[in-house]
**Student:** 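Structure incoming, see below.
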2 protein chains.
Amino acid sequence: MRAINRLNVLDTIRRHGPIARVEISQRTELSTTTVSAITASLLDDGLILPRHEGDIRNEAARGRPRVMLELNPDAARVVGAKIAASRLVFVVTDFRGDVLSKLTLPIRIDRQPIAVAADLVEDGVRRCVLDAGLSLEDVDTVCLGLPGVIEHRTGYVRSSPVFRDANVDFAAEMTARLATPTIVESDAHAITLAHHWFGKARDLEDMVLISLEQTIGLGVLHGNQLFRGAGGLSHNLGDLVLGMGQQGRLVRLSSQAGESAILGEKQADGRFAEAIRLGRGMNHASALIKAEDNVLIGAAVRAGEAVGLTIANIVTLFAPPRVILVGSSLALGEPFLESLRNAYALAVPPSLNGVTELVFDDSTDDFWAQGAAAVALHELYESPWSTTGPAL
Amino acid sequence: MRAINRLNVLDTIRRHGPIARVEISQRTELSTTTVSAITASLLDDGLILPRHEGDIRNEAARGRPRVMLELNPDAARVVGAKIAASRLVFVVTDFRGDVLSKLTLPIRIDRQPIAVAADLVEDGVRRCVLDAGLSLEDVDTVCLGLPGVIEHRTGYVRSSPVFRDANVDFAAEMTARLATPTIVESDAHAITLAHHWFGKARDLEDMVLISLEQTIGLGVLHGNQLFRGAGGLSHNLGDLVLGMGQQGRLVRLSSQAGESAILGEKQADGRFAEAIRLGRGMNHASALIKAEDNVLIGAAVRAGEAVGLTIANIVTLFAPPRVILVGSSLALGEPFLESLRNAYALAVPPSLNGVTELVFDDSTDDFWAQGAAAVALHELYESPWSTTGPAL
DNA sequence: GTTATTTATTCCTCATTGCGGATTAATTCA
DNA sequence: TGAATTAATCCGCAATGAGGAATAAATAAC
């Protein structure tokens, strides 16, 4: 019971920057008395800090000035990571989610056996922690975001394009290696939380995000919470069926709009093939499109159309106020985006006209990793500080 | 706080038939003391009744026998209704959801202005209540289930095939007419709750239901709760896009699998046209299919394929343990079902193989109406009995 | 027929919690 | 310097849930 209110207050402090107790009381609809008690306990546990400076109400600040409260950055440290086929990106953040250090390793891991991949990830985490001037013991939780179908509760990776093997208990593996609690989460969910906490969905409690990368992922925010499929499975949009093609063959979204589908259209020659192998295929493709390469433009237009239709279908199902699009495929530029927008406008049902806003976001990989860190922090929030809290 | 536990206990009693306090305590994880207090209050309010007979633990029943508790049927009465284009179905149920009386009016209302439709619904409610030997004052809540896009919170009907007009505040209209609180809900949601409470999803807390009627609707149960789109909008699957057809025309699900799409394939002649007009098109179609009418069989096969693909897509998104299919289109029989099953099997992603079970249900219209009644009861559960309870 | 045993339920007590109202704190304005 | 104003805390109350003792109601044993 108290735990619920504590969480509520802590989350309010996280979301609304430095904030006074009175305002917390208004937002949480708890009495000032209760807020006072809870914040006292949070201060006692070192999770939040008072700031006597910034009382910037009205100009004429009569009465006793407010004491602003904010998260104590030093209350915890977490590591977030984005694991993609061609690169590993790590960040270490403090309790507020502010990035302390980042590290990008441009390494292909998708052809490696699982043990090698785990080795590389372990190295990355350790190095990034070191870069932040910390040791692994200072880190409370690690969260790894990777594409594919992931069971959040267990950290079980059903299938992922970055692993050669299927059905890997990656969370257990990494927890053992790092001797630190490690969460494995869908990268799409990570970036969704990133946008909810720091990005383009801070103002919303319902939202849908679609990630267009090597695979196509989905994140749904519903009532300020990540909507995880019934069994805690992540959503893999690439498997969606767009219709029947020739001879009763199914047309799946991944075959139209997956990274390999787009890049594969062009017979990869020399430098382009090299770029793809290094995981910079999309950037190269975008350059070729600017140079009016018709094959690639055609592929981009087809992909945009497929994605546009898919978004319309998802809007039909969820009717969210905003859909955020992220991922490397956005780099394809106008031919892709225009075709996407057109297909969407055509396909979204008239009855939902004006309900949903489309937003494109070209954040860097760091932001994904920061999202993974947010997942880790989110987990920390719910753990009982009173007993197993961080060093005070 | 207490309210939450009260609700929890009440719901446990509803779900697990006559049940002893000890068992409630186990299931809700509340102390026996607390359960005792809450049940005492529930007994006091007349919401539940003790039953001294049925203590059927083991044969050798040592110790003090359990006192079983169950819902008091007389604690409340509600009316549930299914409003379809060609018929109105009403049920009156008691607090347990048991049907006290039913009434089916085979009337077309979809060509009528809203005032006429409201008149007919009002008459039906009144007559059905009378049939149950009650008066409208004995009825606590009315819930009307109808197809289309409905805002649950407000009872606002954005668009529905049974109304000529769009954007009707039907809940307000009927509340005024009946002088009884009236809820308007998507019929798909109603039948979903019906299956959760009484039907083929009693054992599940996550589930997806697809209703194939004049329109195609969706109900999603998530954590024992109806998942209502972000804005409380109901889902209208008919607007889903299945792909591009000729000349950039969109192919929507409703154009493949809607009732009118299937029946319209056959040039309606004489008796068939008459049957359609009377809302018995599907039954007639099923007869024609049995007589090997190739045009209709073709339509049914196409429809089954479209629905199968759609289900696969929904399974891709939600990964539910069970999908229940309901609605008049099931009457099309094997050609439809087989094609549906085949398309589904083909399209469901291999990674989700075996996760989801497909169940067909051919319940009668009463069951839909009973679902609407369940929605009404659900609403009643959450209302503060202590202040505005039913007659004791 | 009486007593021990077993199991379900209720009574009593206590700690926690959240709230309303009074009080104290810290500042501006006259 | 004192009044006014706003923020935060202190005090006491009522509600609630849990633990343990006590009671109730049955069977089994003697």
Side-chain angles (χ1 to χ4, degrees), chain A residues 1-13 16-45 48-70 384-387, chain B residues 1-13 16-45 48-70 384-387:
Chain A
M1 161 93 291
R2 161 87 148 292
I4 298 173
N5 287 331
R6 237 179 107 94
L7 209 79
N8 217 330
V9 169
L10 191 57
D11 199 56
T12 308
I13 296 174
H16 304 281
I19 183 177
R21 285 173 243 256
V22 215
E23 207 183 326
I24 297 174
S25 146
Q26 288 160 2
R27 288 191 189 276
T28 59
E29 300 191 328
L30 291 168
S31 73
T32 58
T33 309
T34 306
V35 171
S36 211
I38 291 174
T39 51
S41 135
L42 290 173
L43 281 165
D44 200 49
D45 290 352
I48 60 175
L49 291 176
R51 262 178 60 169
H52 292 275
E53 314 125 39
D55 179 7
I56 332 154
R57 280 171 295 176
N58 304 332
E59 313 286 303
R62 319 237 295 151
R64 176 175 173 175
R66 303 176 164 187
V67 177
M68 309 304 266
L69 301 171
E70 62 184 341
W385 288 100
S386 22
T387 57
Chain B
M1 160 92 294
R2 162 86 147 292
I4 297 172
N5 288 331
R6 237 178 108 92
L7 209 79
N8 217 330
V9 169
L10 191 58
D11 200 55
T12 307
I13 297 175
H16 304 281
I19 182 177
R21 284 173 245 256
V22 215
E23 207 183 326
I24 297 175
S25 147
Q26 287 161 3
R27 287 190 189 277
T28 59
E29 301 192 327
L30 291 167
S31 74
T32 57
T33 309
T34 305
V35 171
S36 208
I38 291 175
T39 51
S41 135
L42 290 172
L43 282 165
D44 201 49
D45 290 352
I48 59 174
L49 291 177
R51 263 179 58 170
H52 294 274
E53 314 123 41
D55 177 8
I56 331 152
R57 278 170 298 176
N58 305 332
E59 313 286 304
R62 318 238 293 152
R64 175 175 174 176
R66 304 177 162 188
V67 177
M68 309 305 265
L69 301 171
E70 63 184 340
W385 288 99
S386 24
T387 58

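So that the names make sense, note that chain A is the first sequence line, chain B the second, and so on, each numbered from 1.
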**Student:** Between dT9(D) atom C1' and Arg66(A) atom CZ, what is the distance in whole Å?
**Tutor:**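 So the CZ-C1' distance, Arg66(A) to dT9(D), works out to 17 Å.
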
**Student:** In whole angstroms, how far is the C1' atom of dT9(D) from the CG atom of Asp44(A)?
**Tutor:**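 The answer, rounded to whole Å, is 16 Å.
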
**Student:** Taking atom C1' of dA7(D) as reference, at what distance in whole Å does atom CD of Gln26(A) sit?
**Tutor:**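 To the nearest whole Å, that distance equals 12 Å.
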
**Student:** What nucleotide, of dC11(D), dC12(C), dT9(C), holds the atom closest to the side chain of Ser36(B)?
**Tutor:**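 Among dC11(D), dC12(C), dT9(C), the one nearest the side chain of Ser36(B) is dT9(C).
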
**Student:** Of all the choices, dA7(D), dT10(C), dT27(C), which nucleotide is nearest to the side chain of Pro65(A) once you look at every atom?
**Tutor:**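 Among the listed nucleotides, the one closest to the side chain of Pro65(A) is dT27(C).
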
**Student:** For a quick test of reading the model: is some side-chain N or O of Thr34(B) closer than 4.0 Å to OP1 or OP2 of dA18(D)?
**Tutor:**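 Answer is yes, contact under 4.0 Å.
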
**Student:** What do the steps show when you test Arg51(A) against Val67(A) for side-chain contact (heavy atoms from CB on, under 4.5 Å), and what is the final call?
**Tutor:** CA-CA 6 Å; Arg51(A) 262 178 60 169; Val67(A) 177; over 6 Å; no

**Student:** Considering just the side-chain nitrogens and oxygens of Arg21(A), establish if one lies under 4.0 Å of OP1 or OP2 belonging to dA7(D).
**Tutor:**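 For Arg21(A), the contact criterion (side-chain N or O under 4.0 Å from OP1 or OP2 of dA7(D)) is not met.
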
**Student:** For a quick test of reading the model: is some side-chain N or O of Arg64(B) closer than 4.0 Å to OP1 or OP2 of dT9(C)?
**Tutor:**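 Checking dT9(C) against Arg64(B), no side-chain N or O comes under 4.0 Å of OP1 or OP2.
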
**Student:** For the residue pair Ser25(B) and Ser31(B), what are the closest heavy atoms and their distance?
**Tutor:**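 Minimum heavy-atom separation between Ser25(B) and Ser31(B): OG-C, 4.1 Å.
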
**Student:** Does dA8(D) have its OP1 or OP2 closer than 4.0 Å to a side-chain nitrogen or oxygen of Thr32(A)?
**Tutor:**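 So the side-chain polar atoms of Thr32(A) never come under 4.0 Å of the phosphate oxygens OP1 or OP2 of dA8(D).
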
**Student:** Measure CZ/Arg62(B) against C1'/dA24(D) and give the value in whole Å, please.
**Tutor:**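 Distance, rounded to whole Å: 16 Å.
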
**Student:** Can Ser41(B) and Arg6(B) be said to form a side chain to side chain donor-acceptor pair (under 3.5 Å), step by step?
**Tutor:** CA-CA 9 Å; Ser41(B) 135; Arg6(B) 237 178 108 92; 2.3 Å; yes

**Student:** Take atom CE of Met1(A) and atom P of dG17(D), then tell me their distance rounded to the nearest Å.
**Tutor:**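 Going from Met1(A) (CE) to dG17(D) (P), I get 10 Å.
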
**Student:** Looking at every non-hydrogen atom in both residues, tell me the closest pair between Asn8(B) and Thr12(B) and how far apart they are.
**Tutor:**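 Shortest heavy-atom separation between Asn8(B) and Thr12(B) comes out as O-OG1, 2.7 Å.
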
**Student:** Taking only side-chain N and O atoms of Arg2(A), does any of them lie within less than 4.0 angstrom of OP1 or OP2 on dT17(C)?
**Tutor:**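 Yes, within the criterion.
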
**Student:** Starting from the C-alpha separation in whole Å, work towards a yes-or-no answer on side-chain contact (heavy atoms from CB on, under 4.5 Å) for Arg2(B) and Ile38(B).
**Tutor:** CA-CA 8 Å; Arg2(B) 162 86 147 292; Ile38(B) 291 175; 3.9 Å; yes

**Student:** Categorize Val35(A) for me: base, sugar-phosphate, or nothing, with a 4.0 angstrom heavy-atom threshold over every strand shown.
**Tutor:**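 Val35(A): no heavy atom of the nucleic acid under 4.0 Å.
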
**Student:** Can you measure Leu30(A) atom CG to dC19(C) atom C1' for me and round it to whole angstrom units?
**Tutor:**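 Atom-to-atom, Leu30(A) to dC19(C), this comes out as 10 Å.
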
**Student:** In whole Å, what is the span from the CD atom of Glu23(B) to the P atom of dT7(C)?
**Tutor:**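 Result: 16 Å.
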
**Student:** Look at Asn5(B) and dG17(D) and indicate whether a side-chain polar atom (N or O) is within less than 4.0 Å of OP1 or OP2.
**Tutor:**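 So the side chain of Asn5(B) is within the cut-off, an N or O lying under 4.0 Å from OP1 or OP2 of dG17(D).
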
**Student:** To the nearest Å, give me how far apart CD1 (Ile4(B)) and P (dG18(C)) are.
**Tutor:**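 Those two atoms, CD1 and P, are 12 Å apart.
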
